[in-house]
Amino acid sequence: MAGTSVLQQTNFFSPPADPPQFSELNLRLKEQQCLSLLKRCKNLEDFKQAHAQIVKWGFFWNSFSASNLVAACALSDWGSLDYACSIFQQFHDPGTFEFNTMIRAHVKDMNFQDALVFYYEMLERGVEPDNFTYPALFKACAWLKAKEEGMQIHGHVFKFGFESDLYVQNSLINMYGKCGEIQHSCAVFEQMDEKSVASWSAIIAANASLGMWYECLMVFGNMSSEGCWRPEESTLVTLLSACTHLGALDLGKCTHGALLRNISELNVIVQTSLIDMYVKCGYLEKGLSLFKKMTKRNQMSYTVMISGLAMQGHGEEALGIYSMMLEEGLDPDDVVYVGVLSSCSHAGLVDEGFNCFDRMKSEHGIEPTAQHYGCMVDLMGKAGMINEALEFINSMPIKPNDVVWRSLLSACRVHCNLEIGEIAAKHLFESNSQKAGDYVILSNMYARAEKWVEVAKIRTEMARKGFNQVPGFSLVEVGRRIHKFVSQDTSHPRCGSVYEMIHQMEWQLKFEGYSPDTSQVLLDVDEEEKRQRLKGHSQKLAIAFALIHTSKGTPIRIARNLRMCSDCHTYTKLVSIIYEREITVRDRNQFHHFKNGTCSCRDYW
DNA sequence: ATAGGGTTAG
């Protein structure tokens with residue numbers, strides 16, 4: 001262990017009283033030797049020997065060797081940050097490059113807090129930062145979501161005059177985006193003289209991280225029309241993610257095409273986001289076939305496939321993928337188990353669910369989170385084990401959240417258990433994450449039990465609390481454009497023809513036995529007004545619009561932000577018969593695949 | 001030496 005001894009003989013590091021003087025020629029020669037020594041290093045042991053050699057030459061105190069030593073040790077694959085730090089501390093006079101190296105190395109090591117410590121140390125010592133210092137720092141702030149600190153350091157950028165450096169600007173856009181301060185991102189973006197592909201990508205990613213998916217597509221459109229666009233993987237991956245969230249299959253397909261034309265070999269990240277896009281846009285077969293063709297899969301690829309299958313109601317198949325993952329020797333993480341447990345719940349596999357729940361802890365050492373408990377409650381609830389589900393909740397070591405109670409409440413609705421439904425609702429109403437839908441469910445349960453006094457009470461309670469009801473919307477893609485319809489929409493340019501279509505459809509539907517189900521309209525208005533409101537539900541508008549603007553037989557795919565009301569569910573089943581269309585609706589939680597008058601959810605949702 | 005990417009119950 002020659003290397004270790006170097007560290008132990010600390011006298012090596014004391015500065016020589018009379019440092020060796022090199023002639024110009026000799027200096028260049030030593031520099032070359034130093035570089036080639038460092039280049040040859042394949043591991044930390046090699047490096048320690050190279051280090052010792054450089055010390056022996058008496059070249060250690062030269063700034064050239066100092067910089068390269070620290071950089072080699074800190075930033076290479078085999079490097080050791082601790083060891084690099086120990087060398088760094090030997091320097092009496094570290095300069096900008098050495099500090100930059102330490103900052104970058106700490107960022108690379110995900111040690112963001114210490115990266116910032118090095119920066120402040122740098123300022124304290126009066127070492128001036130340069131334009132290479134800031135991108136790394138803003139990356140650290142982005143990860144730490146340290147908005148205040150980021151803004152402060154942004155101020156330093158002006159002080160030192162790097163505000164027009166392209167890389168600094170891009171990292172600022174990214175930092176503000178990650179901190180949720182998109183208006184600051186935009187401010188930096190707009191002040192740029194010249195925007196690079198990365199600047200656009202960063203602003204697109206900033207929109208994405210805030211869930212502003214529609215805006216993502218708009219910015220991408222601007223990027224293309226301003227001619228600043230080169231097909232780069234990372235931009236397209238963000239775009240795919242936007243398509244996934246918006247259910248924009250056609251645009252997703254175009255993006256896939258652009259990738260195939262421009263990138264010779266798609267990496268795991270791109271492939272994973274493609275699969276996710278296809279599956280969550282309702283094109284399961286394509287997602288599955290891409291998944292099977294993958295040569296290298298990681299945890300995330302499996303997660304995407306498992307939870308995607310679960311979402312489509314293919315629980316058994318999802319479990320098959322899970323076993324495949326174990327066979328491949330990959331270690332499942334907590335996210336994979338969320339998918340696995342939800343698969344069991346969708347497939348009604350109660351024993352298997354408990355089995356996986358135990359295995360998660362015993363074999364993989366994962367402590368269950370609220371999400372896992374939520375899946376278990378859903379699993380029992382769907383299977384009609386309402387009492388067991390309540391007991392399970394009461395024995396949870398962590399505080400059950402609103403989703404857990406809501407799961408139980410939904411199960412009580414399906415299995416007509418008013419008594420426990422009231423308990424679940426009580427917990428929800430006492431929390432501050434209650435939703436309009438919770439009141440709707442309970443009120444419907446009372447209505448079914450013909451407890452009209454209670455129904456009235458719930459409605460008064462709702463009105464009294466007056467909490468904000470999220471407006472429902474549906475997205476439908478026609479001609480590669482996303483059309484958004486809000487409930488009772490009057491803003492879409494072709495609203496007139498849509499309502500005309502709704503009116504025509506009404507007669508056809510009536511012949512098939514449709515009668516509006518107003519029980520879920522919670523407004524205090526008369527029956528006729530309720531029927532009018534039902535007609536304006538966003539999903540119906542989107543379907544009518546798609547029927548007008550797509551040719552016969554084209555499947556209709558809709559993505560919506562809320563769950564469906566029972567009237568829209570019945571309505572869509574009938575439309576699928578009358579107009580001979582397959583209609584896929586993705587709601588908040590799952591897929592509904594309507595075909596020939598039936599739905600894939602088997603009316604349980 | 002500098003920037004940007006994918007998954008999470010109901």
Side-chain angles (χ1 to χ4, degrees), chain A residues 67-68 70-71 74-75 96-98 100-101 103-105 107-108 130-139 142 162 165-175 177-178 196-206 208-209 232-242 244 267-277 279-280 298-308 310-311 333-346 368-379 381-382 401-411 435 437-438 563 587-590 605:
Chain A
S67 308
N68 283 295
V70 172
L75 294 166
T96 305
F97 181 90
E98 286 77 26
N100 285 352
T101 306
I103 292 170
R104 285 207 310 132
V107 170
K108 189 184 165 209
D130 64 7
N131 53 334
F132 290 94
T133 315
Y134 288 101
L137 286 174
F138 291 131
K139 192 171 176 176
F162 301 122
D165 183 279
L166 187 64
Y167 289 93
V168 173
Q169 289 168 324
N170 288 343
S171 59
L172 271 167
I173 297 173
N174 179 44
M175 185 271 290
K178 289 269 170 21
S196 69
V197 181
S199 327
W200 286 96
S201 289
I203 206 92
I204 291 172
S209 66
E232 287 196 5
E233 281 173 309
S234 50
T235 324
L236 294 177
V237 164
T238 315
L239 195 63
L240 277 177
S241 181
T244 307
N267 67 24
V268 196
I269 295 178
V270 181
Q271 290 186 339
T272 304
S273 36
L274 275 171
I275 293 166
D276 196 37
M277 185 276 292
V279 175
K280 295 226 176 82
N298 62 17
Q299 233 175 33
M300 237 187 245
S301 335
Y302 275 101
T303 310
V304 160
M305 202 62 245
I306 292 169
S307 48
M311 213 178 162
D333 64 358
D334 57 326
V335 189
V336 173
Y337 270 107
V338 170
V340 169
L341 296 178
S342 105
S343 306
C344 296
S345 143
H346 281 279
T369 65
Q371 280 161 308
H372 301 111
Y373 287 111
C375 293
M376 295 308 285
V377 170
D378 190 52
L379 173 78
K382 275 201 170 82
N401 62 12
D402 58 313
V403 184
V404 170
W405 288 119
R406 197 165 292 124
S407 259
L408 185 65
L409 180 61
S410 304
K435 289 183 182 167
D438 306 335
R563 298 216 310 184
D587 74 14
R588 242 192 127 60
N589 306 334
Q590 65 183 118
W605 84 98

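Keep in mind it's a predicted model, so treat the numbers as computed, not measured. Residue numbering restarts at 1 for every chain, and letters A, B, ... go by the order of the sequence lines.
Taking side-chain N and O atoms only, A:S241 has a distance below 4.0 Å to OP1 or OP2 of B:dT7. Contact between the side-chain N/O atoms of A:H346 and the OP1/OP2 oxygens of B:dA9 is not found at any separation under 4.0 Å. Phosphate proximity of B:dA1 to A:K139: absent, as no side-chain N or O sits under 4.0 Å from OP1 or OP2.
Looking at heavy atoms from C-beta onward, A:P135 lies in side-chain contact with A:V168 at the 4.5 angstrom threshold. The closest side-chain heavy-atom distance from A:I269 to A:T272 is not below 4.5 Å. Side-chain contact between A:D165 and A:Q169: absent, with no pair of heavy atoms (C-beta onward) separated by less than 4.5 Å. Annotation: side chain of A:S345 is not in contact with side chain of A:C375 (no heavy-atom distance under 4.5 Å). Residues A:L274 and A:L240 form a side-chain contact, since some pair of their non-hydrogen atoms from C-beta on lies under 4.5 Å apart. You'll find the side chain of A:N170 reaches within 4.5 Å of the side chain of A:L166, heavy atoms only.
At the heavy-atom level, A:T238 lies under 4.0 Å from the strands shown only through sugar-phosphate atoms. Contact annotation for A:V270: base contact, defined as any heavy-atom pair under 4.0 Å involving a base atom. Contact annotation for A:N298: base contact, defined as any heavy-atom pair under 4.0 Å involving a base atom. When heavy atoms are screened at a 4.0 angstrom cut-off, A:K108 is found touching no nucleic acid atom at all. Within the nucleic acid shown, A:A136 has no heavy atom closer than 4.0 Å to any nucleic acid atom. A:N267 comes within 4.0 angstrom of a base, heavy atoms only. In this structure, A:V268 reaches the bases: a heavy-atom distance under 4.0 Å links it to at least one base atom across the strands shown. Counting non-hydrogen atoms under 4.0 angstrom, A:V403 reaches a base of the nucleic acid. Heavy atoms of A:V336 sit nowhere under 4.0 angstrom from any nucleic acid atom. Residue A:N100 is in base contact, counting any heavy-atom pair closer than 4.0 Å across all strands shown. Residue A:N589 is in base contact, counting any heavy-atom pair closer than 4.0 Å across all strands shown. A:T369 comes within contact range of no nucleotide atom at all, as no heavy-atom separation falls under 4.0 Å. Using a 4.0 Å heavy-atom criterion, one finds that A:N131 contacts the bases of the nucleic acid, with or without backbone contacts as well.
Closest to the side chain of A:V338, out of B:dG10, B:dG4, B:dT8, is B:dT8. Which of B:dA3, B:dT8, B:dG6 sits closest to the side chain of A:T272 comes down to B:dG6. Picking from B:dG4, B:dG6, B:dA9 the nucleotide with the shortest atom distance to the side chain of A:S273 gives B:dG6. When distances run from any side-chain atom of A:C375 to the nucleotides B:dG4, B:dA3, B:dA9, the shortest one goes to B:dA9. Each of B:dG4, B:dT2, B:dG5 was ranked by its minimum atom distance to the side chain of A:P135; first place goes to B:dT2. Side-chain proximity of A:R104 to the nucleotides B:dT2, B:dG10, B:dG4 is greatest for B:dT2. Side-chain proximity of A:T303 to the nucleotides B:dT7, B:dA9, B:dG4 is greatest for B:dT7. Among the nucleotides B:dA3, B:dG6, B:dA9, the one closest to the side chain of A:N401 is B:dA9. In this structure, of B:dG6, B:dG5, B:dT2, it is B:dG6 that holds the atom nearest to the side chain of A:M300. Of the candidate nucleotides B:dT7, B:dA9, B:dG10, B:dG10 has the atom lying nearest to any side-chain atom of A:S410.
Taking a centre distance below 5.5 Å and an interplanar angle below 30 degrees as the stacking criterion, A:F132 stacks against the six-membered base ring of B:dA1.
Distance OH (A:Y373) to P (B:dG10): 17 Å, rounded to an integer number of Å. Atom P of nucleotide B:dA9 and atom CG of A:L408 are separated by 19 Å, given to the nearest angstrom. Rounded to whole Å, atom P of B:dA3 lies 12 Å from atom CG of A:L166. With rounding to whole Å, A:L379 atom CG is found 15 Å from B:dA9 atom P. Rounded to whole Å, the distance from CG on A:L172 to C1' on B:dA3 is 10 Å. When rounded to the nearest whole Å, the span between CD1 of A:I103 and P of B:dA3 equals 13 Å. Between A:M277 atom CE and B:dG6 atom P there is a gap of 15 Å when expressed in whole angstrom units. Atom pair A:H372:NE2 and B:dG10:P shows a separation of 12 Å (rounding to whole Å applied).
Residue A:Y337 holds its OH atom at 11.5 Å from OG1 of A:T303, rounded to the nearest 0.5 Å.
Side chain to side chain, A:D130 and A:T133 meet the donor-acceptor criterion of an N or O pair below 3.5 Å.
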